[in-house]
Amino acid sequence: MFSSDFSEVDERGDSDHIGPAEGSTWKPDADRRPILDLAEFQLLEDQVGDPGIARKFASDFARLWRVRYESLATAVEHGDEAAALDTILSLRTSSAMVGGVRLSVLAALLEEHILNGELRNAQPLLDEIAECGQRTVKELRKSYVLRNESPEPDPIS
């Protein structure tokens, strides 16, 4: 459906396994991924058949960024794996849909930490997600996608 260059299914076809195949040395390098890939957003436009609907989705993504991040940060802080997983899955898929490739990769990394019971070690990754999410919203607002939207939200502190 949507392509963010991160496979949810390993080479064995095991849909319960997130990320690389067991024994693989592959690790996504988020810093090499673009903050925003408008080709990914154009896929969404094509798939929904109406650029207005896709732009509304992107607008909602930008508007909800702060709430989504704060929900994730609270879940991580309280060690609530279920809430953290629910939030990160939503963030990963929605960021991929709007073209936020780097954010989607970072979210996938955090998802892997959660699934491996490593939520306590997630703070550095959570900080990266905060910064990347802000940059993704900023880039969406600078692009044709949300150029006519309201200004960017205050940075997350």
Side-chain angles (χ1 to χ4, degrees), residues 1-11 15 17-21 24-73 75-76 84-116 118 121-157:
M1 179 190 266
F2 299 102
S3 167
S4 66
D5 229 9
F6 182 76
S7 175
E8 292 182 17
V9 180
D10 72 354
E11 291 84 22
S15 62
H17 179 81
I18 304 298
S24 170
T25 59
W26 178 85
K27 181 180 179 193
D29 185 358
D31 290 340
R32 293 186 345 192
R33 308 299 173 110
I35 293 293
L36 184 65
D37 182 350
L38 291 176
E40 295 291 330
F41 180 75
Q42 289 167 346
L43 284 173
L44 176 63
E45 288 180 319
D46 292 344
Q47 290 173 343
V48 298
D50 182 349
I53 292 172
R55 288 183 185 167
K56 172 71 171 125
F57 182 84
S59 177
D60 289 346
F61 175 87
R63 183 176 48 81
L64 294 171
W65 162 246
R66 182 182 209 60
V67 172
R68 222 180 237 155
Y69 175 79
E70 288 172 355
S71 174
L72 177 62
V76 169
L85 187 59
D86 182 55
T87 305
I88 205 64
L89 287 170
S90 173
L91 179 61
R92 180 173 57 87
T93 56
S94 61
S95 60
M97 291 168 68
V98 299
V101 177
R102 188 179 302 178
L103 183 57
S104 182
V105 168
L106 290 171
L109 289 172
L110 182 54
E111 178 184 352
E112 191 173 324
H113 279 300
I114 296 166
L115 292 173
N116 290 332
E118 300 170 354
N121 303 327
Q123 190 59 50
L125 190 51
L126 193 61
D127 294 342
E128 285 186 68
I129 287 172
E131 179 184 343
C132 186
Q134 284 294 120
R135 290 179 66 192
T136 301
V137 169
K138 182 178 181 179
E139 291 299 316
L140 275 169
R141 289 206 165 109
K142 285 179 12 182
S143 75
Y144 79 92
V145 177
L146 298 179
R147 188 171 289 135
N148 297 323
E149 290 281 319
S150 61
E152 63 190 75
D154 296 329
I156 295 170
S157 49

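For the numbers below, each heavy atom of this structure counts, side chains included, while hydrogens, waters and symmetry mates do not. We number each residue from 1, following the sequence as shown.
Under the side-chain contact (heavy atoms from CB on, under 4.5 Å) criterion, A75 pairs with D80, A83, A84, not counting sequence neighbours. Legend: residues meeting side-chain hydrogen bond (donor to acceptor under 3.5 Å, both in side chains) with N116, ordered by chain and number and at least two apart, are absent. Contacts of E139 classified as side-chain hydrogen bond (donor to acceptor under 3.5 Å, both in side chains), with partners at least two apart in sequence or in another chain: K142.
In this structure, L140 and W65 have side chains that are not in contact, with every pair of non-hydrogen atoms separated by 4.5 Å or more. Within the 4.5 Å cutoff, the side chain of F57 has no heavy atoms near those of the V48 side chain. Within the 4.5 Å cutoff, the side chain of E112 has no heavy atoms near those of the E118 side chain. The shortest side-chain heavy-atom distance between V145 and V98 does not fall under the 4.5 Å cut-off. The shortest side-chain heavy-atom distance between E111 and L89 falls under the 4.5 Å cut-off.
Distance check, rounded to the nearest 0.5 Å: NZ of K138 to CZ of R135 gives 8.5 Å. A distance of 11.5 Å separates CG in L103 from CD in E131, rounded to the nearest 0.5 Å. Distance check, rounded to the nearest 0.5 Å: CG of L38 to CD of E45 gives 9.0 Å. One distance of note links OG of S90 with CG of L72; it measures 10.5 Å at 0.5 Å rounding. Between the CD atom of Q47 and the CG atom of L44 there is a distance of 7.0 Å, given to the nearest 0.5 Å. Atom CG in D50 sits 10.0 Å away from atom CZ in R55 (nearest 0.5 Å).
In this structure, V101 and P34 approach most closely via the heavy-atom pair CB-O, 3.7 Å. The minimum heavy-atom distance between S104 and R92, with the atom names listed, is OG-O, 3.3 Å. T87 approaches S71 most closely through the heavy-atom pair OG1-OG, 3.5 Å. For the residue pair A58 and F41, the shortest heavy atom distance occurs at CB-CE1, 3.8 Å.
A side-chain contact (heavy atoms from CB on, under 4.5 Å) with I88 is found for exactly one of L126, I114, L115, namely I114.
Judged by distance alone, the side chain of R102 and the main-chain N or O of R33 form a donor-acceptor pair under 3.5 Å. At least one donor-acceptor pair closer than 3.5 Å links the side chain of T136 to the backbone N or O of C132.
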- Task: Evaluate side chain to side chain contact (heavy atoms under 4.5 Å, CB included) for L91 paired with L110, printing each intermediate quantity in order.
- Result: CA-CA 11 Å; L91 179 61; L110 182 54; over 6 Å; no

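Side-chain contact annotation: Q42 with D46, donor-acceptor N/O pair under 3.5 Å absent.
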